[in-house]
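So the structure is just underneath, and the comments pick up after that.
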Amino acid sequence: MRKHFHKLCSIRLKFFAAIAAVALVFITVISCLNIFFYDHYYMAQRQNSLTEIYDRICQSYDSGNNEMLFETLFRIENSDSVRMSILDAGGAMLYDSDAARNENSPNFFANWKTAQLVNSALRTADQNKIKAGGVDFVVVQMNDLRENFLCLVGRLGEGYLVERIPFAFMEQNSMFNFTFLLITGSVTLLICLILGAVLASHFTRPLIKMGNIAQSMAHLDFSQKYEGDRMDEIGQLGQSLNLLSDHLREAIDGLRASNEQLAYEVEEKERIDAMRREFIVNVSHELKTPIALIQGYAEGLTAGIAESPEDRDFYCNTIAEEAGRMNTMVTQLLSLSKLELGRETLSCERVSLGDCLRAAVEKTTVLRAGHDLSVVCTGDAVVESDGRLIDQIVMNYMTNAIRYTPDGGRIELHVEQIPNKGAKITVFNEGEGVPEAELPLLWEKFYRTDKARSRASGGTGVGLSIVRASAALLGGTCGVQNVTQGIVFSLTLPMCVHEHKKIQEK
């Protein structure tokens with residue numbers, strides 16, 4: 001997480017550095033242009049300015065109005081800081097700006113330093129260019145004054161006009177300009193740095209947030225969402241990240257559900273395989289004893305061991321009894337297989353459950369003989385279902401109740417109508433209950449609570465498995481629970497088996 005955060009922070013740093021670099025390069029370029037080209041540019045502008053001044057003075061001079069000429073000279077001297085000298089054709093000084101300002105000078109035109117400067121400019125200028133009506137720019141060095149001047153020399157009527165500007169003035173202006181440029185550049189750079197930090201934070205904050213969201217997604221945590229309201233590419237990226245998070249969550253939830261279903265199916269397959277192996281073992285065990293008895297008694301008959309008619313009848317009855325037991329078991333197993341595979345054909349008829357209970361009581365009269373059992377049958381309800389399967393379920397409940405009820409005990413059969421739902425049958429028998437942990441196992445094939453009981457005390461161990469499969473086929477449920485002084489088996493049925501099937505199919 002920390003490494004990922006540092007990477008995202010480096011984006012902010014790079015963004016800030018890019019803005020700072022652009023600002024620094026911009027200011028550096030301006031500074032370099034000022035350092036290397038400002039003097040040339042300033043010199044060229046000054047020369048253009050002196051040329052314009054020359055043209056204005058020439059216009060005033062050509063007008064013949066001396067008052068206008070002196071007014072122009074005065075205005076130029078004050079506004080442009082340019083000093084001018086007017087000479088005649090022989091080079092004699094007619095007018096000079098410095099001398100005109102110094103009215104207390106003993107000799108109005110006798111400033112010999114100015115005259116020296118002007119004469120030096122005249123000597124240095126290109127006379128051919130001047131005679132052709134042009135102007136010439138010269139640089140005059142005055143060692144006495146320790147100063148250099150930029151001078152313009154041109155014709156003014158028959159005489160000459162010399163304009164001059166000290167380099168010190170130009171250098172001072174250049175220094176002021178350069179100093180101001182440094183100050184403004186520094187302030188601009190500082191503003192750009194602050195603005196760059198703000199912009200870097202503004203643009204990278206959602207990226208850091210999206211980086212944290214992506215990190216959470218990598219750990220399968222999809223609770224975080226991008227909540228920005230930007231409409232630019234960053235906002236679109238955030239919305240795409242939210243959409244990706246939703247799709248990944250749905251896909252992973254689907255995979256988890258599929259994995260759970262697959263794990264359940266694998267577990268169910270393993271359970272079925274285990275049940276199949278157990279079924280084979282149980283069937284083999286259940287069939288081994290009657291087959292051995294039939295084989296033994298048949299061999300005894302063949303060897304003539306049973307010499308008296310009574311012995312032969314005993315041998316034959318035993319063989320018939322064991323064969324009947326095997327036939328019952330095989331019949332029940334075939335019936336259970338058909339129920340579990342859904343190959344049992346259902347019929348739908350109006351069935352009185354009270355009549356089914358009373359019929360079961362009558363059919364088991366022989367089984368109860370000699371045990372002094374009291375049987376109570378109450379209630380009635382009508383459903384549309386398969387009467388044959390219902391009779392089979394009730395008979396299984398009834399025979400189990402008779403088998404496990406002690407002599408002199410009580411059996412109660414009851415049915416009640418459930419409004420708008422169906423009906424419920426309960427069969428209670430006195431006796432010992434079943435441990436709670438073993439109650440769900442009663443519906444398994446060949447499961448017996450009494451592992452050590454004799455073969456004569458119970459059936460095949462398939463009856464309750466048939467009950468469960470039959471109840472499921474009828475759209476009902478079966479149950480069992482321990483109660484005071486005994487145990488209760490129940491069967492709940494829908495009002496109409498066909499309507500229930502239609503609901504399940506939908």
### Message
Rounded at 0.5 Å granularity, tell me how far CG in Leu156 sits from CG in Leu94.
### Response
9.0 Å
### Query
What is the distance from atom CG of Asn482 to atom CG of Leu439, rounded to the nearest 0.5 Å?
5.0 Å
### Query
Are Val162 and Leu87 close enough that some pair of their side-chain heavy atoms sits under 4.5 Å apart?
yes
### Query
Would a line drawn from the ring center of Phe428 to the ring center of Phe489 be shorter than 6.0 Å?
no
### Gap between atom CD of Glu438 and atom CD of Glu436 - 0.5 Å precision
10.5 Å
### Query
Going through the distances and angles, do Leu50 and Val82 end up as a side-chain contact (heavy atoms from CB on, under 4.5 Å)?
CA-CA 8 Å; Leu50 292 176; Val82 177; 3.8 Å; yes
### Task
Working to the nearest 0.5 Å, report the span between CD1 of Ile130 and CG of Leu161.
10.5 Å
### Query
Going by heavy atoms in the side chains, are Val480 and Trp443 under 4.5 Å from each other?
yes
#### Entry: Nearest heavy atoms of Asp136 and Thr124, plus distance in Å
OD2-O, 4.5 Å
### Query
Do other residues, nucleotides or ligands put more than 12 heavy atoms under 6.0 Å from the CD atom of Glu158?
no
### Message
For a 4.5 angstrom cut-off between non-hydrogen side-chain atoms, does Val427 reach Leu491?
### Response
no
### Query
Considering only heavy atoms from C-beta outward, does the side chain of Val139 approach that of Phe149 to under 4.5 Å?
no
### Summary
Smallest heavy-atom separation, Leu122 atom then Gln127 atom, equals O-NE2, 2.8 Å
#### Entry: Qualifying side-chain hydrogen bond (donor to acceptor under 3.5 Å, both in side chains) pairs, either residue in residues 414-426, two or more places apart
Thr378-His414
### Presence of salt bridge, Arg75 and Glu71, under 4.0 angstrom
yes
### Task
Over all heavy atoms of both residues, which pair between Arg468 and Cys478 is shortest? Give the atoms and the distance, please.
CA-SG, 3.7 Å
### Query
Would a 4.5 Å heavy-atom cut-off, applied to side chains only, mark Tyr54 and Arg155 as touching?
yes
### Message
Please determine whether side-chain contact (heavy atoms from CB on, under 4.5 Å) holds for the pair Val382 and Val351, giving the CA-CA distance in whole Å, both sets of side-chain angles, and the decisive distance to 0.1 Å.
### Response
CA-CA 6 Å; Val382 177; Val351 180; over 6 Å; no
## Note on the structure
Interatomic distance, CG@Asn119 vs CE@Met93, rounded to 0.5 Å, equals 6.5 Å
### Query
Does the distance from a Lys or Arg side-chain N to an Asp or Glu carboxylate O, for Arg164 and Asp96, drop under 4.0 Å?
yes
### Donor-acceptor under 3.5 Å (Ser120 side chain, Gln116 main chain)
no
### Task
Could you please spell out the steps behind the side-chain contact (heavy atoms from CB on, under 4.5 Å) verdict for Tyr160 and Ile86?
CA-CA 6 Å; Tyr160 298 93; Ile86 300 175; over 6 Å; no
### Minimum heavy-atom distance between Val135 and Gly154, given as atom pair plus value
CG1-CA, 4.2 Å
### Summary
For residues 49-58, the salt bridge (charged side-chain N to carboxylate O under 4.0 Å, His left out) pairs (sequence neighbours left out) are none
### Query
In terms of heavy-atom contacts, does CD of Glu67 have more than 12 from other residues, nucleotides or ligands at under 6.0 Å?
no
### Task
Search all heavy atoms of Ser470 against all heavy atoms of Ile393 and return the closest pair with its distance.
CB-CD1, 3.7 Å
#### Entry: Residue pair Cys348, Cys496: steps toward the side-chain contact (heavy atoms from CB on, under 4.5 Å) verdict
CA-CA 8 Å; Cys348 187; Cys496 180; 4.3 Å; yes
#### Entry: Donor-acceptor contact below 3.5 Å, side chain Ser63 vs main chain Ser60
yes
### Query
What pair of heavy atoms forms the shortest contact from Thr28 to Leu24, and how long is it?
OG1-O, 2.6 Å
### Query
Does the side chain of Glu77 come within less than 4.5 Å of Arg83's, by heavy atoms?
yes
### Query
Are the side chains of Tyr61 and Asn66 in touch, meaning some heavy atoms are under 4.5 Å apart?
no
### Point-to-point distance, once rounded to the nearest 0.5 Å, from CD1 of Ile165 to CE of Met43
9.0 Å
### Query
Do the non-hydrogen side-chain atoms of Ile425 and Ser490 ever get within less than 4.5 Å of each other?
no
